[in-house]
Every structure is written in C-alpha cells, then in structure tokens.
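Keep in mind that the numbers below use all heavy atoms, side chains included, and drop hydrogens, waters and symmetry copies. Sequence lines set the chain letters: A, B, ... in the order given, protein chains first and strands last, and positions in each chain run from 1.
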Protein chains: 2
Amino acid sequence: MTPENDYILVVDDERAIRDMVCMALSQEQFQCAEASDAHKAETMIKQNPPQLILLDWMMPGVSGIDFARKLRRLPETNSIPIIMLTAKTEEDNVIRGLESGADDYLTKPFSPRELIARIKALLRRSTPNTTQDIIKINNLILDTSSYRVEGNGQTIDLGPTEFKLLRFFMENPDRVFSREQVLNNVWGDNVYVEERTVDVHIRRLRKALEKTQHQDLVQTVRGAGYRLSNK
Amino acid sequence: MTPENDYILVVDDERAIRDMVCMALSQEQFQCAEASDAHKAETMIKQNPPQLILLDWMMPGVSGIDFARKLRRLPETNSIPIIMLTAKTEEDNVIRGLESGADDYLTKPFSPRELIARIKALLRRSTPNTTQDIIKINNLILDTSSYRVEGNGQTIDLGPTEFKLLRFFMENPDRVFSREQVLNNVWGDNVYVEERTVDVHIRRLRKALEKTQHQDLVQTVRGAGYRLSNK
DNA sequence: TTTGTATGTCATAAATATGTCACATAACTC
DNA sequence: GAGTTATGTGACATATTTATGACATACAAA
C-alpha cells in the first residue's frame, strides 16, 4: 500500500499489531501504510515522507531506537513526529526512547483510542507547518491553502469560480466530465444554472491559462464534456 | 517567583508535587515557576508566557481540563505545550486530557526522569515555533514580545487588534483565511462579532502599513478571504 | 469628569464576478 | 458541399463582494 499524500507509517515486524493499528487509524480517516522492518520503512519514507511514524522498539535488524536516531539526524526526516510502540515498560527504556528522538512513547498493550488521541495531539502541533495542499499537473501548480495558481513560474489570476473549476479538474485529471457533472461538483447540487454557463467559465479559465503557455490543457470532448489533460 | 524569560510553569495545588517537580527541573537547568491554582496560573501566563506548562488534572475551582481548553482557544497561549499530570490512570481520562489540548499525559506517581525526558521531547519539537519572538516577512519585522512592528526601518503604530491581526497573518504567511477563521483565531472563538468587522480592521491595518511603503502585503482573495503575501 | 483612543456596526460607494444571450466557428452527417 | 449540431466567444445587465468613511459606544488615562 502506497498512499498518495498524507499518511501515517506503521513500522513493526508483528503483523497483528500492524493490522490492529491500521484498522484503528482508518476508522479515524487516517491514511495508513505498513512496513515490517526498518529497511523497508526507510525506502518508503524516502519516496514519500509520512506525516507521522509509529515505530516498534524491537525489530529484527535495526532496532527502533537506532532507526529513530537516524531519522532525527537527516534534515528531511528530522521533523516527522515519531511515536514509539513497545512492550518494554521499564522507565529506562521510556527515557532512552524519548531521548533517541521519539516524541511519544506507548507501551503495549495499548488502547487504540489512546493511540489515536496521542497521534492527534502530535499532529495538532506539527501540522501547521506542513499543511500545504498543493496539486501539480503539467507545470501547473495549484495551492489550495494560499489560493494561488502558478504556471511555468508565473502567477495566474483566477476568479473564484474559475479557481474552483480548475481545482476540480486538477483533482480529477484526465477524466471527462459532462456539463451536468461539472455543475454538480463545482456549483453544487440544487443550484440551477444553464449548462452552457460551464462553457463560458471554461472559456475564461482557458483564457487565463493561455497567458502562461498552457494551451491545450483544458480539452473539449465533443458530445461528452471537458477534460483536463495530464499528458 | 517570576522568571525573566523561558521557564516552565507548574500548576498544581499540591505543594509537595510542585516542590518535587521544580527540584527535578532545576537540576536540568530549567527555570521553574509555580502556581497553586488556575486563576494564579492565568495571571502569570498573561504577564509572561512560559515555554511549557505542567498542569494538574484536579484542582480546586477550574479543572485542569477546562483550563487546558481555555489556553488552546486563545491565540497567544495556543502554542504553549501542556503536559497533564494526574493520579487518574483510566484510559478515558487520558483521552479526555489529550483531547482537551494537552500534548502529553503523565500519571502520578511518575519518575522525574521520565518527566524530564518528555519535557525535552516536547520542547525539541515546539521550540522552533514558540521561541521565535521576532517574525520577519518582506521587510516587515514584528516583535511579539515588545509589541513593536517595524517596516523599512520605520516604526509602525498599530492598535491592539491590528497587532494581533498582523501577527496572526505573519505567523501563517501566504495562507488565505476566511473572515470566520480570522475571527476565531484573532478574536477567539465564542466571541460574536460581525464578519464584516474583519474588513474594517484589515482596512486599518492596510492603512498603517501603507505609511511604510508596504502596499500590497495584505491581499484580498475574492470569495475566500484575506492573505498576507510572502511573494 | 474630561479627554483621547479603540472598537464594532452601518450605509454607501466601488470593484469585480456571474449568468445569459446572440452570433461566430468548428465538427459531424449524409 | 449543404445541412445540422455542438462549442467558442464577446458583450452586457445584474448580482455579489469588498472598500471606505462616519458614528456611537466602550474603555482607560489624566
């Protein structure tokens, strides 16, 4: 499993624990990914850094402690929150865990609810820096948190409707939507406007995109609707 | 006791606990201040915000939970890490504590070493955000401790609300906030004022900023809200 | 109390966005 | 190519959103 964006990485050699945790996470709308050892975890983190790591203390090969230390040393992983999971309850271990760079420490068996609560507490603190919802397609960058669109380095000015329209298409690239579907998704249901109104807004969007050499991005599919090309 | 700068505030009605904790803290070079109830704590926090708060769950008058919630609601105290101390060990309480805004939760009796380790783990993470008394964006310098704003060398005079507003935007540059979000973050929740009031204060802020050649810093994003441009 | 500053709200002006129409173009059918 | 249909495009009246000045009230300092 390789989630697209924000997700929590569970690193533990015990399959049962991983399953239990992932189940609990998914019920709270968290994306979840698993790794059975430190090596696999490292690869996954490199490819797509998670928002938080749940790390088992004991693992074959590299121990959780060493792995945490390593993550803390690298600037690109340094700021990812780590919660350590372990059967070891002795005080010394807790302290060693925390000192190795973990942000929190939970002893097995732990309650899923407490785990979730601790995850949320950690994310609450660390998200503000990370929260950037950016979608990239074909040199086009749309940032939903700053309401900015950039193409080939230049800023593109869009009206509210055009922004929503582009966002919708960028969230579903390469898919054709009928005018009715566009209306329902961008304008919302229960709003009545002429279907041809979509054409006009597509026009306005295209015009704005032309200014930064994005010629054929929004394509017409005759008889079917429109599509944002990803090719 | 009123430490000058960075310090950790211990809020607990039990003197013995306070003494024990402060002893442990001072051995680790942490400054320490004590408060025996929420009311006193509030006054101290207002005068000189601590770097971290150790908060007892049970206190006469306002409970630790309610106090934590309150701190989380106010923007100026929102980022101070809280560790909750308690005799209550039941899972539900842990969760309630964490959900009320605490960052960590320790049950009495706890080992001073574990407490220290958890404090360090929290500070390690939160210091970068909190310690920055001075925020700089685009030739604008805002000093949260002296309530001064300077732009291109000149001092800018702002009213309290405008200052908080600017501070909020400077802490979250390049992000668009709706009027409602601005109200919640700058005025605080549970305060009812018209959304349009934000417009007026934005106007006053802009006017003040104009005097030092900061023309287009606070931008309107039609249909969405306002943004402090970082570009 | 007086004086001065700060704050929230309103009314109105100004700016911008929106939906629709009419007509131009392009695409498809036969 | 003529006829037919779907889409592109500019213009425009209207609606919506934001800017701004004024004002009454609250609050604090003198």
Side-chain angles (χ1 to χ4, degrees), chain A residues 147 149 155-169 176-211 214-229, chain B residues 46 75 147 149 155-169 176-211 214-229:
Chain A
Y147 271 79
V149 182
T155 303
I156 301 172
D157 283 323
L158 296 177
T161 308
E162 280 68 57
F163 184 87
K164 282 186 273 181
L165 192 58
L166 178 59
R167 178 181 178 172
F168 171 62
F169 276 110
V176 178
F177 293 96
S178 70
R179 291 172 176 72
E180 194 191 341
Q181 288 176 304
V182 172
L183 282 179
N184 286 335
N185 283 286
V186 178
W187 274 254
D189 309 330
N190 65 22
V191 180
Y192 180 70
V193 276
E194 290 289 323
E195 290 206 339
R196 294 297 313 276
T197 301
V198 175
D199 298 32
V200 179
H201 282 279
I202 288 283
R203 166 92 202 347
R204 289 170 180 160
L205 177 56
R206 280 174 173 159
K207 208 170 192 175
L209 294 179
E210 269 172 21
K211 290 180 184 162
H214 287 92
Q215 301 300 340
D216 198 34
L217 215 65
V218 182
Q219 301 176 334
T220 304
V221 181
R222 210 184 150 82
Y226 297 97
R227 161 180 64 197
L228 184 101
S229 166
Chain B
K46 263 195 188 146
Y147 283 74
V149 183
T155 304
I156 300 173
D157 282 323
L158 294 177
T161 309
E162 279 68 56
F163 183 86
K164 281 189 272 181
L165 191 59
L166 179 59
R167 175 183 178 172
F168 172 62
F169 276 109
V176 173
F177 294 95
S178 68
R179 292 173 176 72
E180 193 190 341
Q181 288 177 304
V182 172
L183 283 179
N184 286 335
N185 284 286
V186 177
W187 275 254
D189 308 335
N190 66 22
V191 179
Y192 181 69
V193 274
E194 288 290 322
E195 289 205 340
R196 294 263 142 243
T197 302
V198 175
D199 299 33
V200 179
H201 283 278
I202 288 282
R203 164 101 207 325
R204 290 169 181 160
L205 177 56
R206 278 175 173 159
K207 211 169 191 176
L209 293 178
E210 268 173 21
K211 290 179 184 163
H214 288 92
Q215 300 300 339
D216 198 34
L217 214 65
V218 181
Q219 300 178 334
T220 303
V221 180
R222 219 156 207 279
Y226 296 97
R227 161 180 67 196
L228 186 106
S229 170

With Ser229(B) via side chain to side chain donor-acceptor pair (under 3.5 Å) - residues at least two apart: Arg148(A)
Partners meeting side chain to side chain donor-acceptor pair (under 3.5 Å) with Thr220(B) (sequence neighbours left out): Arg206(B)
Only counting residues at least two apart or in another chain, list the ones meeting salt bridge (Lys or Arg N to Asp or Glu O under 4.0 Å) with [X].
| X | answer |
| --- | --- |
| Asp157(B) | none |
| Arg167(A) | Glu171(A) |
| Arg196(B) | Asp199(B) |

Given DNA chain C, 5'-ward residue of the pair Glu194(B) and Val191(A), judged by closest heavy atom: Glu194(B)
Val193(B) or Leu158(A), whichever maps to the more 5' nucleotide of DNA chain C: Val193(B)
Footprint string (nucleotides 6-12 of chain D, 5' to 3'): B base within contact, S backbone only, - free, heavy atoms under 4.0 Å: SBBSSB-
End-to-end axis angle, where each axis spans five pairs of the helix from dT1(C)-dA30(D) to dC30(C)-dG1(D), to 10°: 40°
CG-CG distance between Leu205(B) and Leu158(B), expressed to the nearest 0.5 angstrom: 6.0 Å
Touch class at under 4.0 angstrom, heavy-atom based, for Glu162(B) against every strand present: sugar-phosphate
Centroid separation Phe177(B) to Phe168(B) less than 6.0 Å: yes
For Arg204(A), all residues meeting side-chain contact (heavy atoms from CB on, under 4.5 Å), sequence neighbours excluded: Glu162(A), Val200(A), His201(A)
For Val221(B), side-chain contact (heavy atoms from CB on, under 4.5 Å) partners two or more places apart: Tyr147(A), Val176(B), Ala224(B), Arg227(B)
First-last contacting nucleotides on DNA chain C - partner chain A, under 4.0 angstrom, heavy atom: dA17(C) to dC28(C)
Euclidean distance, atom OH of residue Tyr147(A) to atom P of dT18(D) [Å, nearest integer]: 11 Å
Using distance only, find each side-chain donor-acceptor pair of residues 185-195 of chain A under 3.5 Å and give its atom names and separation, not counting sequence neighbours.
unit_1: Asn185(A); atom_1: ND2; unit_2: Gln181(A); atom_2: O; d: 2.8
unit_1: Tyr192(A); atom_1: OH; unit_2: Glu194(A); atom_2: OE2; d: 3.4

